[in-house]
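Heads up, the thing below is written out as structure tokens.
Since the model is a prediction, treat every value here as computed from it, not as a measurement. Computation of the quantities below employed the complete heavy-atom set of this structure, encompassing side-chain atoms and omitting hydrogens, waters and symmetry-equivalent molecules. The sequence lines fix the lettering, A, B, ..., with proteins before strands; numbering per chain opens at 1.
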There are 2 protein chains.
Amino acid sequence: MKKGKEFHTFRGYQILDLEDKILTSSMEDYLEMIYRICMENGYIRINILSRKLNVRPSSTTKIIQKLGILGLVDYEKYGIIRLTDKGKALGNYLLRRHEIIEEFLLNLGVKETLLKDTEMIEHSISPNTLKNFYIFNKFLQENPSISNFYIKFKEKYKNEDIELTYPIK
Amino acid sequence: MKKGKEFHTFRGYQILDLEDKILTSSMEDYLEMIYRICMENGYIRINILSRKLNVRPSSTTKIIQKLGILGLVDYEKYGIIRLTDKGKALGNYLLRRHEIIEEFLLNLGVKETLLKDTEMIEHSISPNTLKNFYIFNKFLQENPSISNFYIKFKEKYKNEDIELTYPIK
DNA sequence: TAAAAATGTTAGTCATAGGAAACTTTATTT
DNA sequence: AAATAAAGTTTCCTATGACTAACATTTTTA
């Protein structure tokens with residue numbers, strides 16, 4: 001009987017996730033970006049998407065084909081990419097998740113690494129943890145005095161050198 | 001001139017990280033576990049480590065060889081694994097990081113998925129974000145009345161159905 | 001101490017998702 | 001319309017870190 005406290009490697013978790021998740025982390029990133037742009041523009045092309053995500057078109061083609069098979073985008077060779085209803089629903093969730101995490105990190109005081117940390121955490125947390133992030137955002141929103149108090153509290157530690165960086169080169 | 005707002009895929013970030021990071025995420029998981037056990041036991045063996053991380057011994061052997069080359073563990077074929085000073089310093093940091101994140105999530109109300117979320121976030125955040133987590137823990141610790149107030153606040157939303165889960169099967 | 005069991009290693013396979021190069025198709029110019 | 005440029009695709013390659021199977025070594029037990 002496992003105690004539910006079983007450790008796994010990062011890779012191990014990823015492999016376990018494959019079994020019950022529809023999309024891999026990278027596929028989610030593509031879909032999220034497609035959603036962002038299609039909501040404005042109606043469609044997107046391989047090239048633009050590649051540039052937005054800093055990958056080569058050949059990588060994008062491959063992923064789009066997969067998203068097509070999954071019924072998340074409408075797409076045929078050399079054509080434009082559009083979201084299906086299913087793709088829209090999922091894309092909307094992904095963007096929402098992104099925004100909750102981004103606001104959460106912002107509330108905590110994260111700045112320079114905001115985008116990267118958001119994009120990495122997106123793929124790391126369970127729906128319930130996301131909900132907790134969301135509730136925390138709400139908490140600060142509804143209690144501005146605590147929010148301000150917290151901001152002042154942070155200031156104290158701002159320059160304090162708590163060594164929380166890699167100890168070796 | 002990039003605006004520092006450049007998006008990347010999950011994979012893209014991982015590949016960028018390889019350039020300036022010493023260890024991959026999985027290697028960090030192995031080292032952290034080695035540290036946990038060596039601090040108690042002085043050494044560890046391939047088999048035990050494999051069981052702890054839910055991987056096969058052949059996977060462990062390969063990673064240990066890499067950690068050996070990096071000078072983080074002392075190890076020779078069929079022998080025991082010990083941490084070098086360098087390995088201890090890094091392992092200590094990794095465990096510390098783990099514990100800060102775990103406490104942070106606990107403070108937010110994460111329970112069932114605590115271990116998995118902690119292990120995933122470990123590899124997702126920058127040192128500065130870790131520091132922000134740490135400061136938040138301190139904040140609640142030093143302000144128990146706010147901490148209690150926050151716990152009550154969470155209760156209100158506990159059963160509220162904010163749909164923050166995958167919208168499709 | 002010889003046989004059996006447990007432990008550890010090596011070699012080869014897999015999937016993901018990135019890239020380069022060569023090619024095809026579509027769009028733009030002249 | 002033909003030539004050129006841009007966009008997209010395909011094929012093949014790479015790395016990581018899982019796995020299995022076969023083999024080697026060490027430890028235990030009879």
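- Among the protein residues, B:Glu76 comes within range of no part of the nucleic acid, since none of its heavy atoms lies under 4.0 Å from any strand.
- Within 4.0 Å (heavy atoms only), A:Tyr13 reaches no atom of the nucleic acid at all.
- Among the heavy atoms of the strands lying under 4.0 Å from A:Ser26 are primed sugar atoms or P, OP1, OP2 only; no base atom is included.
- For B:Ser58, the listed nucleotide lying nearest its side chain is D:dA21; candidates were C:dG19, D:dA21, C:dG8.
- Looking at the side chain of B:Ser59, the nearest of the listed nucleotides C:dT7, D:dT16, D:dC19 is D:dC19.
- Taking the charged nitrogens against the carboxylate oxygens, B:Lys111 and B:Asp117 have no contact shorter than 4.0 Å, which rules out a salt bridge.
- Under a 3.5 Å cut-off, the side chain of A:Asn128 and the backbone N or O of B:Val110 do not form any donor-acceptor pair.
- Side-chain N/O atoms of B:Gln65 include one lying less than 4.0 angstrom from OP1 or OP2 on C:dT10.
- Contact annotation: the side chain of A:Phe136 never approaches that of B:Lys154 to less than 4.5 Å [non-hydrogen atoms, C-beta and beyond].
- Set against D:dA18, D:dT10, C:dG19, the side chain of B:Tyr30 has D:dA18 as its closest nucleotide.
- The nucleotide whose nearest atom lies closest to any side-chain atom of A:Tyr78 is, among C:dT16, C:dA20, C:dT25, C:dT25.
- Nearest to the side-chain atoms of A:Ile63 among the listed nucleotides D:dG8, C:dA17, D:dG17 stands C:dA17.
- For the residue pair A:His8/B:Asp29, the side-chain donor-acceptor check at 3.5 Å is not satisfied.
- In this structure, the nucleotide among C:dG8, D:dT16, C:dT16 sitting nearest to the side chain of B:Thr24 is D:dT16.
- Checked against C:dA21, C:dT10, D:dG17, the side chain of B:Lys66 finds its nearest nucleotide in D:dG17.
- A donor-acceptor contact shorter than 3.5 Å is absent between the side chain of A:Ser50 and the backbone of A:Thr60.
- Among C:dT7, C:dG18, D:dT10, the nucleotide with an atom closest to any side-chain atom of B:Arg11 is C:dG18.
- Atom NZ of A:Lys62 is separated from atom P of D:dT14 by 14 Å (rounded to the nearest Å).
- Interface remark: the B:Thr9 side chain does not form any donor-acceptor pair with the C:dA17 base, using a distance-only criterion of under 3.5 Å.
- Comparing D:dC19, D:dT10, C:dG8 by their nearest atom to the side chain of B:Arg45 picks out C:dG8.
- Within 4.0 Å (heavy atoms only), B:Thr60 reaches no atom of the nucleic acid at all.
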